[in-house]
Amino acid sequence: MIFCVEDDASIRDIEIYTLQSTGFEAEGFANGMAFFEVLKTKKPELVILDVMLPGEDGVTILKKLKANSATNNIPVIMATAKGAEYDKIMSLDLGADDYLVKPFGMMEMVSRVRAVLRRAVPKQETHILKIGGLIMNINEHTVIANGERIVLTLKEFELLRLFMSYPGIVFTRDQLLADIWGMDYAGETRTVDVHVRTLRTKLGGCRELIETVRGVGYKMEAQGI
């Protein structure tokens, strides 16, 4: 999923159309407020972020993304105005992965998106994940809960790994089905609930770290990071 934050509706629409036409899922937002609201429940693979926005500008939004441990690994491409050298340098210094100079061609945008995604460091390259009393070693495929090693099934391990990789981010049941069981999985969302319940049981005193977000899904408690 690519998020496009652009206040000009005509530009935003063609960005989304082009991305979708070239095989990406894409969603657009007119301002930072709408973007951050959706970011509470959905994490994109990449963000295309315009610098000039109503309310919070793109640079301010970029700062917030990079200051939050739950979002600082999301690749960001900044869209800057022609001749705005300062915005370009500022964005790169703050952690933007690339930039586009307006007006830019749509195929250039797609090319840069693909390039940034190719070189983005996968989250799973962090071999040790730790939240509260939970420690996961991805390489060794082990989990320690409050000092005690626990045995998880493959699906339970992948669920916990996803939660621990993105603390504070809410995952819907449908998202979890797609991410853990695959897009073509024909199961029901009850499958997710059953696996989360057994996972919590095995986690013992750490079970409360996996929170239920009523009417939405589940998330990992972000406290203690």
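If you check the side chains of Asp174 and Thr172, you find no donor sitting under 3.5 Å from an acceptor. Side-chain contact, Lys43 with Asn73: a donor N or O sits under 3.5 Å from an acceptor N or O.
Summarising the geometry of Phe104 relative to Ala79, their closest heavy-atom pair is CE2-CB, 4.1 Å, with the distance given to 0.1 Å. Scanning both residues, Met78 and Ala96, for their nearest heavy atoms gives CG-CB, 3.6 Å. Taking all atoms of both residues into account, the shortest heavy-atom contact from Pro44 to Leu39 is CD-CD1, 3.5 Å. In plain terms, the two heavy atoms of Met220 and Ile210 that are nearest each other are CE-CG1, 3.9 Å. Between Ile61 and Gly32, the shortest heavy-atom contact is CD1-CA, 3.5 Å. Thr153 and Glu156 get closest at one heavy-atom pair: N-OE1, 2.9 Å.
Residues Phe3 and Ile48 form no side-chain contact, since every pair of their non-hydrogen atoms from C-beta on lies 4.5 Å or further apart. With contacts defined as side-chain heavy-atom distances shorter than 4.5 Å, the pair Val110/Thr18 qualifies. Looking at heavy atoms from C-beta onward, Leu129 lies out of side-chain contact with Ile135 at the 4.5 angstrom threshold. Using a 4.5 Å heavy-atom cutoff, the side chains of Val38 and Glu27 are in contact. With contacts defined as side-chain heavy-atom distances shorter than 4.5 Å, the pair Met136/Thr142 does not qualify. When side chains are defined from C-beta on, Val192 counts as touching Leu177, because their heavy atoms get closer than 4.5 Å.
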**Message:** Checking Glu6 against Lys102 for the salt bridge (Lys or Arg N to Asp or Glu O under 4.0 Å) test, could you report, in this order, the C-alpha distance in whole Å, the side-chain angles of both residues, the deciding distance, and whether it holds?
**Reply:** CA-CA 12 Å; Glu6 165 64 62; Lys102 290 184 172 183; 2.8 Å; yes
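Each of Val151 and Phe163 belongs to its own hydrophobic cluster when Ile, Leu, Val, Met, Phe, Trp and Tyr are linked at side-chain heavy-atom distances under 4.5 angstrom.
Side chain of Lys155 to main chain of Ile180: a donor-acceptor pair is present (N/O by atom type, distance under 3.5 Å, no hydrogens or angles). A distance-only check finds no donor-acceptor pair linking the side chain of Asp57 to the backbone of Met52 [under 3.5 Å]. Remark: side-chain polar atoms of Lys66 are not paired, donor with acceptor, to backbone N or O of Asn68 under 3.5 angstrom. The closest donor-acceptor contact from the side chain of Thr60 to the backbone of Glu56 lies at 3.5 Å or more, if one exists at all. Within the 3.5 Å criterion, the main-chain N or O of Met1 finds a donor-acceptor partner in the side chain of Glu45.
Put simply, the residue from Thr22, Leu100, Ile14 that forms a side-chain contact (heavy atoms from CB on, under 4.5 Å) with Met109 is Leu100. Tested against Cys4 for a side-chain contact (heavy atoms from CB on, under 4.5 Å), the candidates Leu19, Val47, Asp13, Ile11 yield a single pass: Leu19. When each of Asp50, Ile89, Val51 is tested with Thr80 by the rule side-chain contact (heavy atoms from CB on, under 4.5 Å), just one qualifies, namely Val51.
Remark: Glu208 does not engage Arg200 in a salt bridge, criterion side-chain N to carboxylate O under 4.0 Å.
The CZ atom of Arg112 sits 8.0 Å away from atom CD1 of Ile77, with the distance rounded to the nearest 0.5 Å.
Ring geometry for His141 against Phe157 counts as parallel: the plane angle stays under 30°, on a 0 to 90° scale with 60° as the upper cut.
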